[in-house]
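Below, chains carry the letters A, B, ... as their sequence lines are ordered, and counting in each starts from 1. FYI, side chains are in, hydrogens and waters are out, and symmetry mates aren't considered; it's all heavy atoms of this structure.
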Amino acid sequence: MPVITIPPGQPFSLDQTLGCGQVFRWDRAPDGTWLGVVGRNVIRIRQEGRRLMFSGVSADVIRSYFSLDVDLVPILSSIDTDPVIHAAIERCRGLRLVRQPPWECTASYICSTNSNIPTIRRRIASLAEQFGKPVKSEGQTFYTFPEPSCIAGKGQDNLAVCRLGYRQPYVHGTSCSVTDVTCWEETIRSLPYEEARKEMMKLQGVGPKAADCIILFGFQKYEAFPVDVWIRRILQKHYLPELATGAPVTNREYDRIRIFAREHFGDYCGWAQEYLYAARLE
DNA sequence: GACCAGGAAGAGT
DNA sequence: ACTCTTCATGGT
């Protein structure tokens, strides 16, 4: 089995990275091996100290997917501006933002609205099983995440079994809009954050929160700061007490929070967001 | 049953 | 440009 040795001084935790809720298609076996489908490949990967044992793709793909080429220490130093984020960094040290395939990320976060993580995972697994291509590995069958044309082409009837609820027409509509994935990807990639955000929000089912998640997880624009109910709660408690407690995230509040975060945490506030989110439950 | 979950669209102001 | 309402599904 191929091995990557993580350079000394580069924090990395596979469990934190795959378990924090940024990705929806990875499963952890009791022995600590993670299994996931990325692109056309089934990946198995396990961490023992500073060694990563993996199969299914090249070492370069692993390094890129898990952002092991990103120098994490200066990023953590730059966002470590107060005791609250400091505690989150201590607790989740080694968490890295993953480089998610942009289209899969887009469809995933359209499916994520107003839902909990187990439900989101089931929806995305169902999309893959219905429309993706089967891939065999060690005698088991897995499914790639489907291209937009595969979802758009088969009509709404096949989509119904995925039980997306009111999100179904959004997934279908956006699948129809993104006909040329490569071209669409390059367009978004070439735009600066604010413009990419506006462009993403033209897609059906993509509002401010989903747009920020896609830009952060799919396009590595680290100044994005997605605001969901958890992040709002955390910021209300520790940073912005003037926000009303328990209220829904209005549009105006959303902007107020993300602009505060950008100024408070700096250019890498997206990393701060993920550390705060990952540490949310305690 | 009520309430919540990595919200967004559409209608009405 | 800002509220208010509705939306479908599953977990607790």
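Under the ring-ring contact (aromatic ring centres under 6.0 Å, His included) criterion, A:F217 pairs with A:Y109, not counting sequence neighbours. With sequence neighbours left out, the salt bridge (charged side-chain N to carboxylate O under 4.0 Å, His left out) criterion links A:D69 to A:R99. Not counting sequence neighbours, A:H238 has no partner by the side-chain hydrogen bond (donor to acceptor under 3.5 Å, both in side chains) test. With sequence neighbours left out, A:E90 forms a salt bridge (charged side-chain N to carboxylate O under 4.0 Å, His left out) with no residue at all. For the side-chain hydrogen bond (donor to acceptor under 3.5 Å, both in side chains) test, residues two or more places apart in sequence or in another chain that qualify with A:S115 are A:R123, A:R167. Here A:F265 pairs with A:Y239 under the ring-ring contact (aromatic ring centres under 6.0 Å, His included) rule; sequence neighbours left out.
Contacts between chain A and DNA chain C, taken as any atom within less than 4.0 angstrom of a protein heavy atom, begin and end at C:dC2 to C:dG11.
Taking 4.5 Å as the limit, some side-chain heavy atom of A:Y166 sits within range of a side-chain heavy atom of A:N114.
For the pair A:R232 CZ and B:dA5 P, the interatomic distance rounds to 12 Å; values are reported in whole Å.
Across residues 110-123 of chain A, A:S112, A:T113, A:N114, A:S115, A:N116, A:I117 each have a non-hydrogen atom less than 4.0 Å from an atom of DNA chain B (numbered order). Only at 4.0 angstrom or more do the heavy atoms of residues 209-226 of chain A sit from any atom of DNA chain C, so none qualifies.
Ion pair A:E253/A:R256 not flagged as a salt bridge, since none of the NZ, NE, NH1 or NH2 atoms sits closer than 4.0 Å to an Asp/Glu carboxylate oxygen.
A stem is defined here as three or more consecutive Watson-Crick or G-U pairs, each with both distances under 3.5 Å; for DNA chain B these stems are B:2-5 with C:9-12, B:7-13 with C:1-7.
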What are the atom names and distances for every N/O pair under 3.5 Å that joins the protein to nucleotides 9-13 of chain B?
{"unit_1": "B:dA9", "atom_1": "OP1", "unit_2": "A:G205", "atom_2": "N", "d": "3.0"}
{"unit_1": "B:dA9", "atom_1": "O4'", "unit_2": "A:Y170", "atom_2": "OH", "d": "3.3"}

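OP1 or OP2 of B:dA5 sits under 4.0 Å from a side-chain N or O of A:R233.
For residues 132-154 of chain A, the set of pairs meeting the side chain to side chain donor-acceptor pair (under 3.5 Å) definition, not counting sequence neighbours, comprises A:R44-A:S137, A:R44-A:E138.
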